Amino acid sequence: MDWSKNKIKEFQKDLLSWYDANKKPLPWRQTTEPYKIWISEIMSQQTQVETVIPYFERFMKKYPTVESLAQADDTELLKLWEGLGYYSRARNLKIAAQEVVNEYNGKFPDNLKEILSLRGIGPYTAAAIASISFDLAEPAIDGNLMRVTSRIFELECDISKSSSRKIFDEHLRTLVSKKRPGDFNQGLMDLGSLVCSPKKPKCETCPLNKYCGAVADGKQLNYPVKTKKLKQKELYYTAFALENSLGEYYLEKRPSKGLLADMWTFPLTELSSVDFEKIITDGAISKNITMPELPESISKMEYFGNFTHIFSHQKWHIVLIKVKAEEKFEIADELLTADKKWVYYDSKKLGENVVNLNQDLSKISRLKLPLSGPQVKMFELLDKKI
DNA sequence: TATACGTGGGA
DNA sequence: TTCCCAAGTAT
């Protein structure tokens, strides 16, 4: 970094003026309250802002304070997060809220080191909160800042490698405004998404084009340097939609670790791609496909349909099998643990599933279970929506 | 350091 | 259809 002090000042001024005139009106930009900034930053990780807004509004209504979040019901919290993805964010949020309540007396820590120590908060989020809420001159290095910075300085380092962070930190640390660090960071983020976009950057109207090495060389699209992602692993599953005589479906809670942790789903069993093809072509279900834990006497299985669900790292091909229980069939009570429930599902209120505890209609609970992405698609398929 | 971890939108 | 992208973190 060989920019003069004067050039840095001009850069800050040009960016902040642009930000003042063009910043996105976001719900969490009406405050610098660390709790709200924190929640908005966690929700925004790897997620588009437009998607976040309604989730943020609902979240603030339900958990207005760090204390309320620290005491949140796990299932309700996950239900609120349903559809946002990366569900460990929600779990970590509650853990961090408890840390704030217990270790910081409910007051959000005001220095980078302590903010960074909170569960689920990494270098980006810590710097974002520190700069926006506490005016600390920390560069909040996210994908936008890396793209913008790599173009300005024509940096050849691969932004998908964690070791590159240091390079961006060194450059940005000299640039960040000490007067308005939060606006500086958010200005660069908005610029990255509105102007300095990945595919078609609007360099002609960019307030920073005169500082940009890539513009000078006409090499905007050469930056940032980024290695390609690997393809998703393909997996094949049968899903069993078991319905009892009351019209309820049988759901299980997924394990507390790994993919879609603690989300609810029909029982799934993995199968080979060969068996998968066999079922979807002729609808024949071979004898070795059985639903776990259930007696085969009750199973009258019927192929219902199939669909695909794509995660960031896996591609699921799912065959949905409808299992109609006999008139008097009921799953033995001992099998109905806290992780296995009969659920009444009203297709007219997607996601408004109601749990019928103890199979007693008079004791219907209003508890709503968080459904995994594939599970929502399964209910939609049963409704013939897809 | 590389990989696991979701979902929806746009070209 | 397929691929890339979007305010990253934990391990």
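Side chains are part of it too, since the values below use all heavy atoms of this structure and drop only hydrogens, waters and symmetry mates. This is a predicted model, so every value here is computed, not measured. Chain identifiers are assigned alphabetically (A, B, ...) following the order of the sequence lines, protein sequences preceding nucleic acid strands; residue numbering begins at 1 within each chain.
In the region residues 182-193 of chain A, proximity to DNA chain B at under 4.0 angstrom, judged on heavy atoms, holds for none of the residues. Contacts between residues 119-133 of chain A and DNA chain C, defined by a heavy-atom separation under 4.0 Å, are made by A/R119, A/G120, A/I121, A/G122, A/P123, A/Y124, A/T125. Scanning residues 36-55 of chain A for heavy-atom distances under 4.0 Å to DNA chain C yields A/E41, A/S44, A/Q45, A/Q46, A/Q48, A/V49.
The distance between atom NZ of A/K199 and atom C1' of C/dA6, rounded to the nearest whole Å, is 12 Å. Distance, A/L260 CG to B/dT7 C1': 11 Å, rounded to whole Å. One atom, CD1 of A/I95, and another, C1' of C/dT9, lie 13 Å apart when rounded to the nearest Å. Here B/dC5 presents its P atom at 11 Å from NZ of A/K233, a figure rounded to the nearest Å. Put simply, CZ on A/R91 is 15 Å from C1' on C/dT11, counting in whole angstrom units. Rounded to an integer number of Å, the gap from A/L194 CG to C/dC5 P is 18 Å. Taking atom CD1 of A/I159 as the reference point, atom P of B/dT1 lies 16 Å away to the nearest angstrom. Between A/K257 atom NZ and B/dT3 atom P the separation is 21 Å, expressed in whole Å.
Sequence order on DNA chain B of the closest nucleotides to A/S160 and A/P374 puts A/S160 first from the 5' end. Where A/S312 and A/K161 meet DNA chain B, the nucleotide closest to each residue was compared, and A/K161 sits on the side nearer the 5' end. DNA chain C is contacted by both A/N92 and A/K231; A/K231 maps to the nucleotide lying nearer its 5′ end (nearest heavy atom per residue).
Side chains of A/S4 and A/N6: a donor-acceptor N/O pair is absent below 3.5 angstrom, by distance only.
Below 30°, between 30° and 60°, or above 60°: for A/W316 and A/F311 the angle between ring planes is above 60°, a perpendicular geometry. Between A/F11 and A/W3, the ring planes are perpendicular. Angles over 60° get that label, and only those under 30° would be called parallel. Ring-plane geometry between A/F266 and A/Y249 is classed as tilted, the angle between the planes lying from 30 to 60 degrees on a 0 to 90 degree scale.
Every residue was checked against the salt bridge (charged side-chain N to carboxylate O under 4.0 Å, His left out) condition with A/D135, not counting sequence neighbours, and none meets it. A search for salt bridge (charged side-chain N to carboxylate O under 4.0 Å, His left out) contacts involving A/K253 returns nothing, not counting sequence neighbours. A/D169 pairs by the salt bridge (charged side-chain N to carboxylate O under 4.0 Å, His left out) definition with A/R173, not counting sequence neighbours.
Heavy atoms of A/W28 sit under 4.0 angstrom from at least one base atom. At a threshold of 4.0 angstrom between heavy atoms, the contacts of A/I141 with the nucleic acid are absent. Nucleic acid contact class of A/R254 (heavy atoms, under 4.0 Å, all strands): none.
Counting heavy atoms of neighbouring residues, nucleotides and ligands inside a 6.0 Å radius, atom NZ of A/K166 does not exceed 12 of them. Around atom NZ of A/K278, no more than 12 heavy atoms belonging to other residues, nucleotides or ligands sit under 6.0 Å away.
Across the P atoms, C/dT11 and B/dG6 are found 14 Å apart, a figure rounded to whole Å. Here the separation of C/dC4 from B/dT3, taken at their P atoms, is 16 Å to the nearest Å. Rounded to whole Å, the P atom of C/dT2 lies 23 Å from the corresponding atom of B/dC5.
In this model, the phosphate group of B/dC5 is approached by a side-chain N or O of A/H313 to a distance below 4.0 Å at OP1 or OP2. Close to C/dA6, at under 4.0 Å from its OP1 or OP2, lies a side-chain N or O of A/R147. Side-chain N/O atoms of A/K226 include one lying less than 4.0 angstrom from OP1 or OP2 on C/dC5. Within the structure, a side-chain polar atom (N or O) of A/Y87 is placed less than 4.0 Å from OP1 or OP2 of B/dT7.
Rounding to the nearest 0.5 Å places CE of A/M189 at 6.0 Å from CG of A/L145.
Side-chain proximity of A/K229 to C/dC5, B/dT7, C/dG8: nearest is C/dC5.
Across every non-hydrogen atom of A/L369 and A/K79, the tightest pair is O-NZ, 2.9 Å.
Put simply, the side chain of A/D73 gets close to the backbone of A/T75: a donor and an acceptor are under 3.5 Å apart.
For the salt bridge (Lys or Arg N to Asp or Glu O under 4.0 Å) with A/R29, the qualifying choice from A/D183, A/D190, A/D20 is A/D190, the only one to do so.
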